[in-house]
A.B. asks: 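I have a structure here, written as structure tokens, and I will follow up with some questions on it.
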Amino acid sequence: MTALLQVEGLTRRYGGLVAVDNLNLVVQQGEILGVIGPNGAGKSTAINLMSGVARPSAGKVVFDGNDVAGIAPHLLVQRGLVRTQQATTVYAGQTVRENALRGAFIASFPGVMAAFFNTAQARRLRQATEKRVEYLLDQLGLTHAAEQIADSLPYGYQKTLGIVIALAASPRLVMLDEPVAGLSAEEADHVRDTIIRVRQQGISVLVVDHNMRFITGLCDRVLVLHHGQELALGRPQEVMSNPKVINAYLGHGHVTPQH
């Protein structure tokens, strides 16, 4: 497999605190990589560093062969690296379809003058974008809600819409930060199925979450962070049965999640 994202020696210091410490990871083309760890393990900091939200103190973030560490998030979107946030981030007061279109135009806006004068290029781009958005809404189960106001949707569907907005930007890699936090088991299953469809489109996925059933039922490999460092890396069941993971993260009462 081909490495799409490669992190080398990634480090972030805040004064005397080291939030991420010499982290190395690889996301292969077409892979779903899960990242787990206890609170304070450095998960959110790591995803912020990889997505351009924060600048590393040291190390490289190599995406598609280029070091992109410290590049602004909107420029990374244009390169094909997109992320979602922990909280739902829909555009309030706008429909589901309008939300998805806004996500698409982050990566493919025709330019102010072209849009203002409605040039042939702008019309072609909008038609292609609208077609892609309709496809995504259909594939991710939101066609029925396309004309609903986005922030009136149930929380789980707002989470799914956040993924649609990210996918509308035509990413090669999408990073999902706690996509099922606060969701019911049924809603989490819907999001899991959504992510599986994402991978079927040839898009790689890096997903951070605490829901062990969700992670083990979804990911090809799982990386466990502890104190900003790699504690374990491997296939889900191998990682979940690792004594270091059980002691550091899952606790002595751990029972391996059932699918």
Side-chain angles (χ1 to χ4, degrees), residues 1-89 91 102-109 111-112 162-163 165-179 181 198 202-209 219 221-231 233:
M1 298 180 71
T2 302
L4 182 59
L5 177 73
Q6 190 164 358
V7 171
E8 303 173 1
L10 194 64
T11 301
R12 176 66 184 186
R13 303 182 186 90
Y14 296 95
L17 173 66
V18 182
V20 175
D21 188 5
N22 195 34
L23 178 64
N24 300 290
L25 68 81
V26 172
V27 180
Q28 305 287 354
Q29 182 69 49
E31 178 181 32
I32 301 177
L33 175 69
V35 180
I36 64 173
N39 290 329
K43 303 183 301 298
S44 292
T45 301
I47 200 172
N48 286 341
L49 295 172
M50 289 183 280
S51 62
V53 174
R55 185 178 294 271
S57 304
K60 293 182 178 181
V61 178
V62 179
F63 178 69
D64 196 22
N66 299 298
D67 188 357
V68 298
I71 291 179
H74 72 281
L75 297 177
L76 288 179
V77 169
Q78 294 172 3
R79 290 173 180 243
L81 194 160
V82 181
R83 69 164 295 178
T84 65
Q85 305 290 335
Q86 288 185 19
T88 57
T89 52
Y91 300 103
R102 288 188 65 164
F105 283 122
I106 290 174
S108 59
F109 186 66
V112 175
I163 298 174
I165 293 170
L167 294 179
S170 300
R172 297 183 62 195
L173 170 65
V174 61
M175 297 182 177
L176 307 175
D177 194 358
E178 300 196 15
V198 169
I203 299 169
S204 303
V205 180
L206 185 150
V207 55
V208 175
D209 213 277
C219 299
R221 294 186 301 145
V222 176
L223 169 68
V224 184
L225 291 183
H226 191 52
H227 299 307
Q229 298 179 322
E230 177 186 318
L231 180 66
L233 173 65

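Quantities reported herein were computed from a predicted structural model and do not represent experimental measurements.
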A.B. asks: Compare every heavy atom of Ser51 with every heavy atom of Leu81, then report the nearest pair and how far apart it is.
C.D. replies: CD2-CA, 4.2 Å

A.B. asks: Compile the donor-acceptor pairs under 3.5 Å between side chains in residues 52-65 and protein atoms, sequence neighbours left out, one pair per line.
C.D. replies:
residue: Arg55; atom: NH2; partner: Gly70; partner atom: O; Å: 3.4
residue: Ser57; atom: OG; partner: Arg13; partner atom: N; Å: 2.9
residue: Asp64; atom: OD1; partner: Arg172; partner atom: NH1; Å: 3.1
residue: Asp64; atom: OD2; partner: Arg172; partner atom: NH1; Å: 2.8

A.B. asks: Could you go step by step and tell me if Val68 and Leu76 meet the side chain to side chain contact (heavy atoms under 4.5 Å, CB included) rule?
C.D. replies: CA-CA 8 Å; Val68 298; Leu76 288 179; 3.6 Å; yes

A.B. asks: For Leu225, is there any backbone N or O sitting under 3.5 Å from a side-chain donor or acceptor partner on Lys43?
C.D. replies: no

A.B. asks: I need the Arg12 CZ to Thr45 OG1 distance, nearest 0.5 Å.
C.D. replies: 8.5 Å

A.B. asks: Quick one, Leu4 with Thr2, criterion side chain to side chain contact (heavy atoms under 4.5 Å, CB included). Give me CA distance, side-chain angles, the key distance, then yes/no.
C.D. replies: CA-CA 6 Å; Leu4 182 59; Thr2 302; over 6 Å; no

A.B. asks: Taking only residues two or more places apart in sequence or in another chain, which ones pass side-chain hydrogen bond (donor to acceptor under 3.5 Å, both in side chains) with Arg79?
C.D. replies: none

A.B. asks: Is there a side chain to side chain contact (heavy atoms under 4.5 Å, CB included) between Val174 and Ile163? Walk through the geometry before answering.
C.D. replies: CA-CA 9 Å; Val174 61; Ile163 298 174; 5.7 Å; no

A.B. asks: Might you point out which heavy atoms bring Leu10 and Ala46 nearest each other, and give the distance in Å?
C.D. replies: CD2-O, 4.4 Å

A.B. asks: Nearest heavy-atom pair of Ile47 and Ser44: which atoms, and what distance?
C.D. replies: CG2-O, 3.2 Å

A.B. asks: Between Pro171 and Ala166, what is the shortest heavy-atom contact and its length?
C.D. replies: CD-O, 3.5 Å

A.B. asks: I need the single residue from Asn48, Leu5, Thr84, Val208 that forms a side chain to side chain contact (heavy atoms under 4.5 Å, CB included) with Met175. Which is it?
C.D. replies: Leu5

A.B. asks: I need the minimum non-hydrogen distance between Leu33 and Leu233, along with the two atoms involved.
C.D. replies: CD1-CD1, 4.3 Å

A.B. asks: What are the two closest heavy atoms between Val207 and Cys219, and how far apart are they?
C.D. replies: CG1-SG, 3.7 Å

A.B. asks: Are any side-chain N or O atoms of Glu31 and backbone N or O atoms of Leu206, one a donor and one an acceptor, separated by less than 3.5 Å?
C.D. replies: no

A.B. asks: Output side-chain donor-acceptor pairs under 3.5 Å for residues 16-24, partner residues at least two apart or in another chain, one line each.
C.D. replies:
residue: Asp21; atom: OD2; partner: Gln229; partner atom: NE2; Å: 2.8
residue: Asn24; atom: OD1; partner: Gly9; partner atom: N; Å: 2.8

